[in-house]
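Step one of this worksheet: look at the structure below.
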Amino acid sequence: MPVYRAPVDDYRFLFHEFLELEKHRDLPHFGELSPDLIDDVLANAAKFCEEVLQPINQSGDEEGCHFENGVVRTPEGFKQAYQAYCEAGWGGLAAPSEFGGAGLPAMITMAVSEMATSSNQSFAMYPGLTSAAYSALIATGAPWMKEHIVPRMISGEWAGTMCLTEPGCGTDLRLMKTRAVEQPDGTYRMNGTKIFISGGDQDLTDNIIHMAIAKIPDENGQIRDDLSTVNFFMVPKFLVKEDGTMGARNGVNTGGIEKKMGIKGQATCVLNFDDAVAWRLGPKPTPGEKKSTSAGMAGMVGMMNAARLGVGVQGIATGEVAYQNALAYVHERRVGRALTGAAEPDKPADLLIVHPDVKRMLLHCRSFVEGARALAMWTTLNMSIARSGRPDSDTAGLISDLMTPVIKAFFTDMGFEAANLAMQCYGGHGYIRDNGVEQFVRDGRINLIYEGANGVQAMDLVGRKLGRKGGAAPLALFQMIVNWIGENDGDALKPFSKPLARGLDTLQQATMWLAQHGLANPNDAGAAASDYLRLMGIVLVGWMWARMARLAQEKLAANPPNAGFYKDKLTAAKYWMERMIPECPMLLERMSAGSATIMEVA
Ligand SMILES: Cc1cc2nc3c(=O)[nH]c(=O)nc-3n(C[C@H](O)[C@H](O)[C@H](O)COP(=O)(O)OP(=O)(O)OC[C@H]3O[C@@H](n4cnc5c(N)ncnc54)[C@H](O)[C@@H]3O)c2cc1C
């Protein structure tokens, strides 16, 4: 049976010692955030995830979802777990209190979401999508929707989805065929097919609020292949009247559920919109107004950016649970002898943990998970600062915007890498289903694809985020790291600040290379994008590790009772510097090869 213990100590370290949330009481939603409150939320979330969600993860994978007579059924136990989830109020943690939420900062939700995903990714996605959907409705919906629909989503009574993908378009939304035609009463009728819709139908809630995009035809009834006609709509499964009462079943019909590689407890649906009543969200474009995207689409993009950070955290969650299981296994399984002589001569063989290559695999997972967690939380803190109007809010906004594709793509790549390494620690037993570790590989694989495939994230970083406002975001970020290195180059920190400086220098060279070559030949930028994103991810996680190493050294100087915790931090930090930073020059060399050979392929 797989095991899972929520990383509560690590989150307490990050919130109280590393980010010192106490010092950010001036930020919105941080005022009431006492250390005791944070610890309470973390401890209760850990208990819920370990005792309720994790025990139905493997069985949910074995059973999967069912689709019979047009009705979707989730695996045994999901319904009860969902009720318990709602009763405990987990769905509304970060939601504003005026709508019935707890109004806590987003980073607390991120922490809980990581725990829920490690415990049971299929389950965690149902409420995860609901919170993305109600956030978008709060941002773009009409007052009656905020009064009657949002609170029911926050409480978990109703769920939400994101409906973008169609058979002919996933990445390229210009090609969308779903159309919505305005009616005399101001509502729209939507027709088309959406595929791969997570939680598109289920038996957990009485209603589902679909957040869908569709094109509005022009005056000739034609739809064009451009984004300016794409608008954002709310389409409930059961109609909701403006006074909040429920109406008839809407024309949203489930065409089926996908048979897929992983997250089998999550219903991935084909949804047919057959004259479905839809409400357009966001301000109506004025006649003659020409924009590259509609105002409603901006709401959709906001929802997707938040969801992308959430998917990055799913990568951490995959790495964490896979690592924990591998760690337990290598302390049970006996194979061979330690290279320097038997560790336990009285036993027929030593434990797997004695082998350097096994330790390497484990440390790779651990240094990724803990370093990435620090970067995710630091970025989420920056998002809160960005919305605060504080003097540092502009810079914080630029940085969190830059970080979004890096976190989405680098963390999901690395989380999947970690799950694979964890499986490797099991040998052949990892390939066998009963042991459970192969489920993490299968479940974690989707994270690299949905919410914008990782290659597309890399293009977003290189093509849009990097150059925005004259490159202000990378300039600000690089300067912060330069300053930190300048202030922390004493002997004790040299093992961290020196490799970090090397990594940063390489990242700056790579950024310059992109600026010089990307405009002259866009294929050079396209061919370099994924390597550049990884390079940036390695350096930024490296910066987090250098900062955590400094903190660990300070703490150890005071001989704390939990010295082992800080010593482990130093080891994981050294691993990142010795084993990950050396990838940087290799990535730059690969980028510098340009696109000629790649583009030679017919
Ligand atoms: C289990 C599951 C759940 C999902 N949940 C949802 C959901 O809830 N809602 C929803 O709307 N969608 C959902 N999706 C759809 C998912 O977001 C899309 O599959 C994804 O965005 C990729 O689109 P596509 O499959 O059409 O691939 P395509 O767009 O055909 O792209 C194929 C590949 O080509 C590459 N590529 C494409 N364009 C570019 C480019 N410009 N530059 C570089 N490389 C490129 C990428 O590597 C990409 O992986 C889900 C999918 C799955 C499998």
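In this text, all values refer to a predicted model and were calculated from it rather than measured experimentally. All values below were derived from every heavy atom in this structure, side-chain atoms included, with hydrogens, water molecules and symmetry-related copies excluded.
Surrounding CZ of Arg12 are at most 12 heavy atoms belonging to other residues, nucleotides or ligands under 6.0 Å away. When the shell of 6.0 Å around CD of Glu76 is examined, it contains 12 or fewer heavy atoms from other residues, nucleotides or ligands. Heavy-atom neighbours of Glu589 CD from other residues, nucleotides or ligands within 6.0 Å: at or below the threshold of 12.
The two residues Phe410 and Leu533 make their nearest non-hydrogen contact at N-CD2, 3.7 Å. Heavy-atom minimum distance, Ala418 versus Ala322: O-CB, 4.5 Å. When every heavy atom of Ala267 is checked against every heavy atom of Ile257, the shortest pair comes out as CB-CG2, 4.3 Å. Nearest heavy atoms, Ala343 versus Val354: CB-CG1, 3.9 Å. When all heavy atoms of Val3 and Asn325 are compared, the closest pair comes out as N-OD1, 2.6 Å.
Glu51 and Lys47 are joined by a salt bridge, as a carboxylate oxygen and a charged side-chain nitrogen come within less than 4.0 angstrom of each other. Between Glu62 and Arg433, at least one side-chain nitrogen of the basic residue sits less than 4.0 Å from a carboxylate oxygen of the acidic one, meeting the salt-bridge criterion. Look at Asp505 and Arg502 and you find no salt bridge, because none of the NZ, NE, NH1 or NH2 atoms lies under 4.0 Å from a carboxylate O. A salt bridge links Lys569 with Asp10: the closest approach of a Lys/Arg side-chain nitrogen to an acidic carboxylate oxygen falls below 4.0 angstrom.
Here Leu398 pairs with Lys469, Ala472, Ala473 under the side-chain contact (heavy atoms from CB on, under 4.5 Å) rule; sequence neighbours left out. Every residue two or more places apart in sequence or in another chain that forms a salt bridge (charged side-chain N to carboxylate O under 4.0 Å, His left out) with Arg366 is listed here: Glu370, Asp568.
Residue Leu540 holds its CG atom at 8.0 Å from CG of Leu402, rounded to the nearest 0.5 Å. Ser530 OG to Asp413 CG: the interatomic distance, rounded to the nearest 0.5 Å, is 7.5 Å.
Tyr82 and Thr74 are not linked by any side-chain donor-acceptor pair at a separation below 3.5 angstrom, with hydrogens and angles left out of the test.
For the pair Arg547 and Trp545, the NZ or CZ position fails the cation-pi test of under 6.0 Å to the six-membered ring centre and within 45 degrees of the ring normal. At least one cation-pi condition fails for Arg333 and Tyr426: the charged atom is not both under 6.0 angstrom from the six-membered ring centre and inside a 45 degree cone around its axis.
No side-chain donor-acceptor contact under 3.5 Å links Glu50 to the backbone of Pro55.
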